[in-house]
Amino acid sequence: MKRNCIFVKIQIKEQEGDNVAFLNYEYKMIISYSEPVDKCYFTIKSIPVDDFRQRSISYEINMSPNTSYSESRDSFGNSQIIGSVARAHSKYEYVIKGLVETNIAGITGGVNTAKVGMYKYPYGKCIPGETIKEFAKNISEEVNKCTSTKDKCLKIMGLINERMIYEKGHTNVETCAEEAFAGKKGVCQDYAHIFITLLRLFKIPARYVCGLIVGEGESHAWVEAAIEGNYVAFDPTHNIEITDEYIKFGAGRDATDCAINRGVMWGGGAQTQEVNVVVDKYY
């Protein structure tokens, strides 16, 4: 239990290889309420994971109102902060800042064969409707000409980008892959859900990833596909394999599994949320 709402984690490890980047980051979230909230319970998933392509060197967490919280892991292995504010407040502010080392871009380590099954099948916001099924049928010949699973992923990702237009305001956090694809417009969450849905239709296990990247100013979403024993990461919004400019917070079957902020409150009326992200890269 952390009583002062500041936690710093330090890991010491020899640097492996020369292809290493360091990313300083700050994620700030402010939730304002039109009327005071009597109390709330929250779960926040914003601590960078340690895996094959990145490691968290240090981080510091600050919250206002000042409150106690604990750190744990969910069933997907994502780190999470769990806590509550048991007194009236009109604004809640959460800030995490730290340093992450990234290296081998695009690969996030070995696939856990006991858990990969959950990423094979339609789920939640990644259930194909008639529009996606028809699209998959139309592109199947072109995709199946690819000689490797990775090339199939790249082909599908490129074909999504030929159809979709990145535009805010046409979808929201509740929009599923089928709705976004039928509307042909969306944001990173929609691109990731569509890509995952299509990969699973082509029998390629895939999972949703949430985190940060250099230059975005907000959180970002991308996809990891299970290929030949490794998770290979793709950013369907930008139509690329990920680089060393990405910080991974968590992964799951869809966005709901690794949502950064979730909670329950009593009172509060209408609410607005402001998120500011800064990620700086150096070698």
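Shown here for Ala221 and Ala192, the closest heavy-atom pair between the two residues is CB-CB, 4.3 Å. Closest heavy-atom contact between Cys126 and Asp254: SG-CB, 4.0 Å. Across all non-hydrogen atoms, the minimal contact from Arg87 to Asn66 is NH2-O, 2.7 Å. Nearest heavy atom pair, residue Tyr27 against residue Ile260, reads OH-CG2, 3.5 Å. Taking each heavy atom of Ile196 and Arg207 in turn, the nearest pair found is CD1-C, 3.7 Å. Closest of all the heavy-atom pairs between Gln54 and Tyr246 is OE1-O, 3.7 Å.
Counting heavy atoms of neighbouring residues, nucleotides and ligands inside a 6.0 Å radius, atom OH of Tyr166 exceeds 12 of them. The number of heavy-atom neighbours closer than 6.0 Å to CD of Glu228, taken from other residues, nucleotides and ligands shown, is 12 or below. By the neighbour-count criterion of 12 heavy atoms within 6.0 Å, atom NZ of Lys150 is sparsely surrounded, having that number or fewer from other residues, nucleotides or ligands.
Proximity of a side-chain donor or acceptor of Asn144 to a complementary backbone N or O of Ser140 within less than 3.5 Å is detected. Judged by distance alone, the side chain of Asp235 and the main-chain N or O of Asn239 form no donor-acceptor pair under 3.5 Å. Between the Arg262 side chain and the Ile44 main chain, no donor and acceptor come within less than 3.5 Å of each other. Of the possible donor and acceptor atoms, none in the side chain of Asn78 sits under 3.5 Å from a partner among the backbone N and O of Asp74. Side-chain atoms of Arg55 never come within 3.5 Å of backbone atoms of Val100 as a donor-acceptor pair (strictly under, hydrogens ignored). Judged by distance alone, with hydrogens and angles left aside, the side-chain atoms of Glu216 form no donor-acceptor pair with the main-chain N or O of Ile213 at under 3.5 Å. The backbone N or O of Ala255 lies less than 3.5 Å from a partner atom in the side chain of His193, making a donor-acceptor pair.
In this structure, a donor-acceptor pair under 3.5 Å is present between the side chains of Glu274 and Asn276. With no hydrogens or angles considered, a side-chain donor-acceptor pair links Glu60 and Asn62 at under 3.5 Å. With hydrogens and angles left out, the side-chain atoms of Thr171 and Asp190 include a donor and acceptor closer than 3.5 Å. For the residue pair Gln271/Ser34, the side-chain donor-acceptor check at 3.5 Å is not satisfied. A donor atom on one side chain and an acceptor atom on the other are not found under 3.5 Å apart for Ser64 and Tyr94.
Inter-residue side-chain proximity for Tyr41 and Trp266 is flagged as met; some heavy-atom pair is nearer than 4.5 Å. The side-chain heavy atoms of Leu23 and Asp280, taken from C-beta on, include no pair separated by under 4.5 Å. When side chains are defined from C-beta on, Glu101 counts as touching Val20, because their heavy atoms get closer than 4.5 Å. Looking only at side-chain heavy atoms (C-beta outward), Trp222 and Cys210 stay at 4.5 Å or farther from each other. Residues Thr256 and Val173 form no side-chain contact, since every pair of their non-hydrogen atoms from C-beta on lies 4.5 Å or further apart. Residues Val232 and Phe234 meet the side-chain proximity criterion, which asks for heavy atoms closer than 4.5 Å. The shortest side-chain heavy-atom distance between Leu212 and Phe249 falls under the 4.5 Å cut-off. Contact check for Leu199 versus Cys153: side-chain heavy atoms found under the 4.5 Å cut-off.
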Query raised in the report: Given Val279 and Ile247, is the side chain to side chain contact (heavy atoms under 4.5 Å, CB included) satisfied, shown in steps?
Result: CA-CA 9 Å; Val279 183; Ile247 297 174; 4.1 Å; yes
Report task. Quick one: do Glu174 and Lys125 satisfy salt bridge (charged side-chain N to carboxylate O under 4.0 Å, His left out)? Show the steps, please. Result -> CA-CA 8 Å; Glu174 300 300 327; Lys125 297 183 184 348; 3.8 Å; yes
Query raised in the report: Does the pair Ile240 and Met157 meet the rule for a side chain to side chain contact (heavy atoms under 4.5 Å, CB included), with working shown?
Result: CA-CA 8 Å; Ile240 59 171; Met157 184 168 64; 5.6 Å; no
Requested in this report: Tell me, with the steps shown, if Asp244 and Lys281 meet salt bridge (charged side-chain N to carboxylate O under 4.0 Å, His left out).
Outcome: CA-CA 9 Å; Asp244 58 7; Lys281 174 183 175 181; 2.8 Å; yes
Query raised in the report: Going through the distances and angles, do Arg200 and Tyr121 end up as a side chain to side chain contact (heavy atoms under 4.5 Å, CB included)?
Result: CA-CA 6 Å; Arg200 291 173 181 170; Tyr121 307 107; 5.9 Å; no
Requested in this report: Decide salt bridge (charged side-chain N to carboxylate O under 4.0 Å, His left out) for Glu218 and Lys168; before the verdict, give the C-alpha distance in whole Å, the side-chain angles of both, and the deciding distance to 0.1 Å.
Outcome: CA-CA 13 Å; Glu218 55 190 355; Lys168 296 180 179 180; 3.2 Å; yes
Query raised in the report: Could you go step by step and tell me if Tyr119 and Arg253 meet the side chain to side chain contact (heavy atoms under 4.5 Å, CB included) rule?
Result: CA-CA 6 Å; Tyr119 304 124; Arg253 295 163 295 182; 4.0 Å; yes
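Leu159 and Val223 fall within the same hydrophobic cluster, where Ile, Leu, Val, Met, Phe, Trp and Tyr residues are linked whenever their side-chain heavy atoms come under 4.5 Å apart, directly or through other members. Grouping the Ile, Leu, Val, Met, Phe, Trp and Tyr side chains by contacts below 4.5 angstrom, directly or via other members, places Tyr123 apart from Phe76. Linking ILVMFWY side-chain heavy atoms closer than 4.5 Å, directly or via other members, places Phe135 and Leu154 in a single hydrophobic cluster. Hydrophobic clustering of Ile, Leu, Val, Met, Phe, Trp and Tyr side chains at less than 4.5 Å, counting indirect connections, unites Val275 with Met265. No single ILVMFWY cluster, assembled from side-chain heavy atoms under 4.5 Å apart, contains both Val49 and Ile81.
Considering CD1 of Ile139 and CD1 of Ile156, their distance stands at 5.5 Å, rounded to 0.5 Å. In this structure, the separation between CD on Glu141 and NZ on Lys145 is 5.0 Å, given to the nearest 0.5 Å. Here the CD1-CG distance, from Ile227 to Asn230, works out to 9.0 Å after rounding to the nearest 0.5 Å. Between Asn24 atom CG and Ser58 atom OG the span is 8.0 Å, to the nearest 0.5 Å. Here the OG1-CD1 distance, from Thr237 to Ile194, works out to 9.5 Å after rounding to the nearest 0.5 Å. Atom CD of Gln80 and atom OG of Ser72 lie 4.0 Å apart (nearest 0.5 Å).
Between Arg53 and Glu224 no salt bridge is recorded (no basic side-chain N to carboxylate O distance below 4.0 Å).
Between Tyr92 and Phe42, the angle of the ring planes lies from 30° to 60°, which puts this pair in the tilted group. In this pair, His220 and His238 present their aromatic rings tilted. The plane angle is within the 30 to 60° band.
The side-chain contact (heavy atoms from CB on, under 4.5 Å) test with Tyr25 singles out one residue from Ile96, Leu99, Val214, and that residue is Ile96.
Remark: Arg163 qualifies as a cation-pi partner of Phe181 under the 6.0 Å distance and 45° angle criteria applied to the six-membered ring.
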